[in-house]
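Note sheet for the following structure.
No experiment lies behind these values; they were computed from the predicted model shown.
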Amino acid sequence: MKKIIYTVVIGLVAIISSCDDHLDTDNLYEKSLDTFYRTPTDIEEAMNGVYNALFVGGVHSNEHVAANLMSDVMLGGGGPDDKSAKDVDNFLDPAEDTYRDLWKETYNGVSRANAVIEAVQLNDFKRFFETAAEAETFKNNTLGEAYFMRGFLMYRAARFFGGMPLILTTDADRKAPRASMEETWGVIASDFKAAAELLPKRKAADFPLATYGHANVWVAKAYIARAYLYYTGYMTNVEKQAADALPLYDGGSISKADVIAHLEDVRDNSGYKLASDFRNLWPYSYVNQNARDYDPEGTHPVLPWAENEGLEWVGQDGPNSSIGTGNHEVMFALRYGLADWSFGQQYNNRVCLFFGIRDHSMVPFGQGWGWGTVHNAFYNSWSDDDPRKQGSVIDLNSKDPDMGVDGWNIGKGDHNTGLTNKKYTTIQHNGPDGVKGMFYYLLNMVHGDPMQLWAAQDFYYLRFADILLMHSELTQTADGINAVRARAGLEPVAYTIENLKEERLHEFAFEGLRWFDLVRWGDAESGNNYFGVEAAVNNSGTEGSYKVSYRPETKGLVPVPEGEIRLSNGVYEQNPGW
């Protein structure tokens, strides 16, 4: 399987193009701002630099880690020395620059996107293409991707930090003050809108495997909806300033009706659809098949539960994936791959390592650091009739051999509830090199420390299920909710905001969305959550209880890195509550 990972830094690695003319550049080996951005190959390399900003070094700057630890359904966990995870879980700042890599990579990516936007608007690329139409398609597609990625990087950061400095050109003042929420989200909305207008409309299955992972028109339209829901919710329920439209930076706004129209376009025309079984979205549904590639005569599956349920992984390389049955549901993902210590851990999915089962290496579940244990009150409230419960949570307390957990014993790590997420955890099986991660064998990894680097599982930013649930929320109709429920084999329900919230909780548990939902609904401080609810835990062998108290004075934001405040010479102001 060919994994695509955006580890290209501008000017470092040349991407081979099918068009020989693309290689015609003035200064191939000593590129500078004066000689770069002149050819389509230059632009492709530069866009890979933009995508590269999705990867962050500091683990708490990882969106998936931070958002899950702050959510109400996951606890801090880890071992006695993992103070930082416990602090984040308790809305404390473990260090003055906890989230600095998120801030830094945001502006690395924004700067690179600005350069691409300006270069593509300035330069004429017609000589590299057979027709003017092809050149125009290249221009529009590149601008659309660059606008989307600039908006996405700002969107990712603004949900954590709030108002951000607006640096929208290559020559803009790097010490601009933080903008207001309205101004910040106006830029985000404008970039998403520009992307939706520029990117070509193609069916999901028509995007080639080689470009899977790039943004497209349907993703841009979906993020207009996400931005609308977050901004209007935050302003209304946190800032107490009622908002029913998403502002645009240069004036005007995006209305609820506009957003609904975008979602219906995605729903009806994109070609994305729900996977037939929710559980087939996750790698555990493939571990038996992969193990059999090395033991074709084996009669005992390594995960009998998946075998008994007839699960078949859809893969994680889009509709045309060479592994699995084809993934028509995931619309946008952070693409992980063959990590190596020389590049740093950020190029493999550290959530699987950090949120994996502590101090237990069991087939098919590998060892991890035990962060993000699952709140047992949440788990107990989830109906056993919903197959997503068993498909999302590993119940270690069951010691069920069909689940592969008969070798587990409590007493390892803190905040241990005997419950851990099943979506993002290390999967392993036996093979020629012994028990190794499934991706180790699937991708033929050859690096030196596989346990910490073999989690090449993509992080799903956006699934088609969210198109349906966002549509239900905005239209206050049950069609989207019930389509998602029907996939899980559940009876239909009437639309209520309570049913909508419960559906999102169960569909997207541990996918990094719950925290932002709580904030935008005002539920982080309303009591409509599991904050303040005691969890029965085991702390490294000692029974106890644990609960988290949300601090409403933070307004759902994390601290601006103190290092950045100092570098700004006091231009940046710290967020409230920090």
Could you pull out all residues at least two apart from [X] that satisfy salt bridge (charged side-chain N to carboxylate O under 4.0 Å, His left out)?
X      : result
Glu96  : Arg566
Asp384 : Lys389
Glu145 : none
Lys555 : Glu239

Notebook entry, point to check: If you count the non-hydrogen atoms of other residues, nucleotides and ligands that lie under 6.0 Å from NZ in Lys221, is the total more than 12?
Noted result: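 More than 12 heavy atoms, drawn from other residues, nucleotides or ligands, come within 6.0 Å of this atom.
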Next item on the list: Decide if atom CG of Asp244 counts as having more than 12 heavy atoms of other residues, nucleotides or ligands within a radius under 6.0 Å.
Entry: no
Next item on the list: Check side chain to side chain donor-acceptor pair (under 3.5 Å) between Tyr228 and all other residues, then give those that pass, not counting sequence neighbours.
Entry: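 None.
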Under a 4.0 Å threshold between the charged nitrogen and the carboxylate oxygen, would [Y] count as salt-bridged to [X]?
X      : Y      : answer
Lys273 : Glu329 : no
Asp277 : Arg279 : yes
Arg463 : Glu511 : yes

Could you tell me which residues satisfy ring-ring contact (aromatic ring centres under 6.0 Å, His included) with [X], sequence neighbours excluded, listed by chain and number?
X      : value
Trp521 : none
Tyr495 : none
His262 : none
Phe332 : Phe148, Phe152, Tyr461

Would you give me the side-chain donor-acceptor pairs under 3.5 Å for residues 155-164, sequence neighbours excluded?
{"residue": "Arg156", "atom": "NH1", "partner": "Leu54", "partner atom": "O", "Å": "2.9"}
{"residue": "Arg156", "atom": "NH2", "partner": "Ala53", "partner atom": "O", "Å": "3.1"}
{"residue": "Arg159", "atom": "NH2", "partner": "Glu63", "partner atom": "OE2", "Å": "2.8"}

Return a table of donor-acceptor pairs under 3.5 angstrom between the side chains of residues 64-76 and protein atoms on other chains or two or more places apart.
{"residue": "His64", "atom": "NE2", "partner": "Asn68", "partner atom": "ND2", "Å": "3.1"}
{"residue": "His64", "atom": "NE2", "partner": "Phe510", "partner atom": "O", "Å": "2.9"}
{"residue": "Asn68", "atom": "ND2", "partner": "His64", "partner atom": "O", "Å": "2.9"}
{"residue": "Asn68", "atom": "ND2", "partner": "Phe510", "partner atom": "O", "Å": "3.3"}
{"residue": "Ser71", "atom": "OG", "partner": "Asn68", "partner atom": "O", "Å": "2.9"}
{"residue": "Asp72", "atom": "OD1", "partner": "Arg514", "partner atom": "NE", "Å": "2.9"}
{"residue": "Asp72", "atom": "OD2", "partner": "Arg514", "partner atom": "NH2", "Å": "2.9"}
{"residue": "Asp72", "atom": "OD2", "partner": "Tyr530", "partner atom": "N", "Å": "2.9"}

Check: Under 6.0 Å between ring centres, would you say that holds for Phe91 and Tyr550?
Finding: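 Between Tyr550 and Phe91, which both carry aromatic rings, the centre distance is below 6.0 Å.
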Notebook entry, point to check: How about Asn380 and Asn376: does a side-chain donor come under 3.5 Å of a side-chain acceptor?
Noted result: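 The answer is no; no qualifying pair exists.
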Notebook entry, point to check: Does one side chain, of His375 or Thr417, offer a donor that lies under 3.5 Å from an acceptor on the other?
Noted result: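 The answer is no; no qualifying pair exists.
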Check: What pairs of residues pass the ring pair (Phe, Tyr, Trp, His ring centres under 6.0 Å) test when at least one of them lies in residues 470-491, not counting sequence neighbours?
Finding: none
